[in-house]
Each structure stands twice: as structure tokens, then as C-alpha cells.
Amino acid sequence: QVQLVESGGGSVQAGGSLRLSCAASGRTLSTYHMGWFRQAPGKERESVAAISWNGESTYYTDSVKGRFTISRDAAKNTVYLQMNSLKPDDTAVYYCAADYNWRLFLVGDIARVDYWGQGTQVTVSS
């Protein structure tokens, strides 16, 4: 069993930055692909970024490419999402996720993701 706890959310003005963290407990994340999803009010949860178990592959949805960076620290059992040049459209609850299936992150198949964090709110004002 894996427990994921996100932190780092908050409120910022457009153009600002935040770094989200996802700390795991219960089991090492070293064999899991990790990702971040987000859900804005009235919208479906979407895949934002993902990183493979060994850190060699990453994925970003088009709207965040060049602004967000996902990384992982195996020693700390933690995954990060550095978010720069934030826009009001980035406002959402951000969820950390873990799964063995890389494709789930690419297609945003939220129903089949094994583990979720509780979510952290990110609010970007104009």
C-alpha cells in the first residue's frame, strides 16, 4: 500500500511560481511511474505531467510545456512539480498519482490509477 501526501499549493498571482511536493509512505516509489493530475471546478480531472519510474521519461500536457517541470528524488521518496509562469487557467486541485502503467498518465485514465493523494489547491489570480 502506498500513501501519497501533497503539499505546496497556495495562491499566487499570474506569472508567479509554486512547487508542489508529493511524499510517499508505506512503500518505496522507486518502481512506480508518478504523475500529477488536476481538476478545475466543473471540469474533468486531467493528466498534467508524469515521470517514469527511473526518471528517464517525462510527459507534459501541451498547456504546461515549457512552464512546468516534474522531477523525483528517490532518496526522499518524493516527486515534485515546479510550476512557473502560472496562469489563471492553471487554477485547480492538483493530485499526485502513482501507478505501474505508464499509459494511464498519457491518456489520463483516472479510473485505473492505483494510488492518489488527497489533493492540494492551486489558485492563480489575474
Side-chain angles (χ1 to χ4, degrees):
Q1 193 74 7
V2 174
Q3 292 81 42
L4 304 175
V5 179
E6 301 100 333
S7 61
S11 297
V12 296
Q13 291 190 328
S17 298
L18 285 173
R19 189 176 82 151
L20 305 183
S21 299
C22 173
S25 61
R27 183 182 291 184
T28 178
L29 293 178
S30 62
T31 57
Y32 285 91
H33 305 307
M34 300 296 299
W36 290 91
F37 289 71
R38 67 185 179 187
Q39 188 166 18
K43 294 186 177 181
E44 294 185 352
R45 192 172 299 188
E46 64 170 346
S47 180
V48 176
I51 187 166
S52 60
W53 69 273
N54 58 4
E56 292 186 355
S57 297
T58 57
Y59 161 80
Y60 298 96
T61 193
D62 286 346
S63 62
V64 308
K65 286 180 180 177
R67 300 188 298 121
F68 290 11
T69 303
I70 189 170
S71 61
R72 64 191 302 164
D73 185 330
K76 295 183 177 180
N77 220 23
T78 299
V79 176
Y80 304 97
L81 185 67
Q82 178 67 43
M83 305 186 295
N84 298 327
S85 303
L86 283 162
K87 305 175 181 180
D89 284 349
D90 295 320
T91 296
V93 177
Y94 283 71
Y95 297 90
C96 177
D99 201 277
Y100 286 126
N101 189 340
W102 180 244
R103 187 175 181 275
L104 299 185
F105 297 99
L106 304 185
V107 301
D109 190 350
I110 62 174
R112 298 176 63 184
V113 171
D114 280 343
Y115 300 106
W116 292 99
Q118 82 289 352
T120 185
Q121 176 71 45
V122 171
T123 303
V124 184
S125 59
S126 58

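Model, not experiment: these values are computed from the prediction. In what follows, every heavy atom counts, from backbone to side chain, and hydrogens, waters and symmetry copies are set aside.
Between Y60 and R67 the shortest side-chain heavy-atom distance does not fall below 4.5 Å. H33 has its side chain within reach of F105: a pair of non-hydrogen atoms, C-beta onward, lies under 4.5 Å apart. With contacts defined as side-chain heavy-atom distances shorter than 4.5 Å, the pair L86/F68 qualifies.
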- Task: Carefully, step by step, assess V93 and Q118 under the rule side-chain contact (heavy atoms from CB on, under 4.5 Å).
- Result: CA-CA 9 Å; V93 177; Q118 82 289 352; over 6 Å; no
Could you walk me through whether R112 and L104 pass the side-chain contact (heavy atoms from CB on, under 4.5 Å) test, one step at a time? CA-CA 7 Å; R112 298 176 63 184; L104 299 185; 3.9 Å; yes
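The disulfide (SG to SG under 2.5 Å) pairs that include a residue from residues 3-111 are C22-C96, where partners are two or more places apart or lie in different chains.
Within 6.0 Å of the CH2 atom in W53, the count of heavy atoms belonging to other residues, nucleotides or ligands does not exceed 12.
Scanning all heavy atoms of the two residues, the minimum distance from I70 to W36 falls at CD1-CD1, 3.7 Å. When all heavy atoms of T91 and V124 are compared, the pair lying nearest together is OG1-N, 2.9 Å.
A donor atom on one side chain and an acceptor atom on the other are not found under 3.5 Å apart for T78 and D73.
Of the inter-residue distances, the one linking M83 atom CE with L18 atom CG reads 4.5 Å to the nearest 0.5 angstrom.
Here the two rings, on Y32 and Y100, have centers that are under 6.0 Å apart.
In this structure, R45 forms a cation-pi arrangement with W116, its terminal cationic atom sitting closer than 6.0 Å to the ring centre and no more than 45° off the ring axis. Both the sub-6.0 Å distance and the 45° axial angle are satisfied by R19 relative to the ring of Y80.
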